[in-house]
Amino acid sequence: MKKPKVLHNFYKSPAWLAARELKIMSVDGLCERCGAIGIEVHHKDRLSIDNVRDTSVSLNQDNLELLCRECHNQEHERFSNKIRFDKDGNLINQEKPK
Ligand SMILES: [Zn+2]
Ligand SMILES: [Zn+2]
């Protein structure tokens, strides 16, 4: 899947790189969910071409979360609606019955 250009440009902007660094330093570089080395900064409110210019979303430290790759993948799979979790955090497979 190709990223829209406006998002691609955002991820290269000095403002984002600074916000990202700040986030990483504020949590000592560790994944906020499992404590592994965090490498990817996730937007809790997903970035879109509509909100990327709204710095209260795109650059807000409170909207950022440092995750390791595994937790980040999980987060995005969860949003894809193919995978769901029950209230105890257990995986529920959402394969549609035929
Ligand atoms: Zn993690
Ligand atoms: Zn993310």
Side-chain angles (χ1 to χ4, degrees):
M1 207 169 67
K2 227 177 149 188
K3 268 183 201 163
K5 199 164 196 298
V6 61
L7 290 181
H8 183 75
N9 288 342
F10 169 77
Y11 283 115
K12 289 197 301 186
S13 70
W16 163 245
L17 295 175
R20 191 179 178 282
E21 278 307 304
L22 191 64
K23 179 72 210 175
I24 292 171
M25 284 193 311
S26 74
V27 296
D28 294 326
L30 299 177
C31 173
E32 292 185 63
R33 298 195 186 177
C34 75
I37 301 292
I39 35 176
E40 301 182 356
V41 176
H42 170 67
H43 284 89
K44 294 177 193 170
D45 272 347
R46 297 312 192 76
L47 268 198
S48 69
I49 39 177
D50 299 317
N51 68 16
V52 67
R53 287 189 181 84
D54 180 352
T55 56
S56 73
V57 175
S58 62
L59 297 175
N60 184 349
Q61 291 291 310
D62 290 337
N63 190 39
L64 303 179
E65 190 176 16
L66 183 64
L67 299 176
C68 68
R69 184 149 292 158
E70 207 167 305
C71 289
H72 199 200
N73 285 342
Q74 268 180 26
E75 178 64 27
H76 283 259
E77 280 172 22
R78 188 189 309 207
F79 272 89
S80 76
N81 291 330
K82 285 186 189 128
I83 289 173
R84 291 277 170 86
F85 296 83
D86 69 18
K87 62 177 170 45
D88 298 319
N90 296 315
L91 200 65
I92 302 170
N93 205 321
Q94 286 282 296
E95 300 260 64
K96 278 186 190 144
K98 286 190 179 123

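Counting convention: from 1, in listed order, for ligands and their atoms alike. Please read all numbers here as calculations on a predicted model, not as lab measurements.
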Q: Output side-chain donor-acceptor pairs under 3.5 Å for residues 18-29, partner residues at least two apart or in another chain, one line each.
A:
residue	atom	partner	partner atom	Å
R20	NH2	I39	O	3.0
K23	NZ	E32	OE2	3.3
K23	NZ	L64	O	3.3
S26	OG	K23	O	2.8

Q: Judged by atom type as modelled, is there a donor-acceptor pair below 3.5 Å linking the side chain of N63 to the main-chain atoms of D45?
A: yes
Q: Do you reckon L59 sits in the same ILVMFWY cluster as L67, going by side-chain contacts under 4.5 Å, direct or chained?
A: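 Unlinked, L59 and L67 end up in two clusters.
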Q: Does S48 offer a backbone N or O that forms a donor-acceptor pair with the side chain of N51 under 3.5 Å?
A: yes
Q: Which protein N, O or S atoms sit under 2.8 Å from the Zn ion (ligand 1)?
A: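 Per the 2.8 Å query on the Zn ion (ligand 1), atoms found are C31 SG, C34 SG, C68 SG, C71 SG.
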Q: Measuring from the Zn ion (ligand 2), name the closest N, O or S atom belonging to H42.
A: ND1
Q: Of all the atoms in H43, is at least one N, O or S atom closer to the Zn ion (ligand 2) than 2.8 Å?
A: no
Q: If we check side-chain hydrogen bond (donor to acceptor under 3.5 Å, both in side chains) with H72, which of these qualifies: Q74, E75, H76, E70?
A: H76
Q: Can you tell me how the ring of Y11 sits relative to the ring of W16, calling it parallel under 30°, perpendicular over 60° and tilted otherwise?
A: perpendicular
Q: Between atom CZ of R69 and atom CD1 of I37, what is the distance when rounded to the nearest 0.5 Å?
A: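 Here the interatomic distance stands at 13.5 Å.
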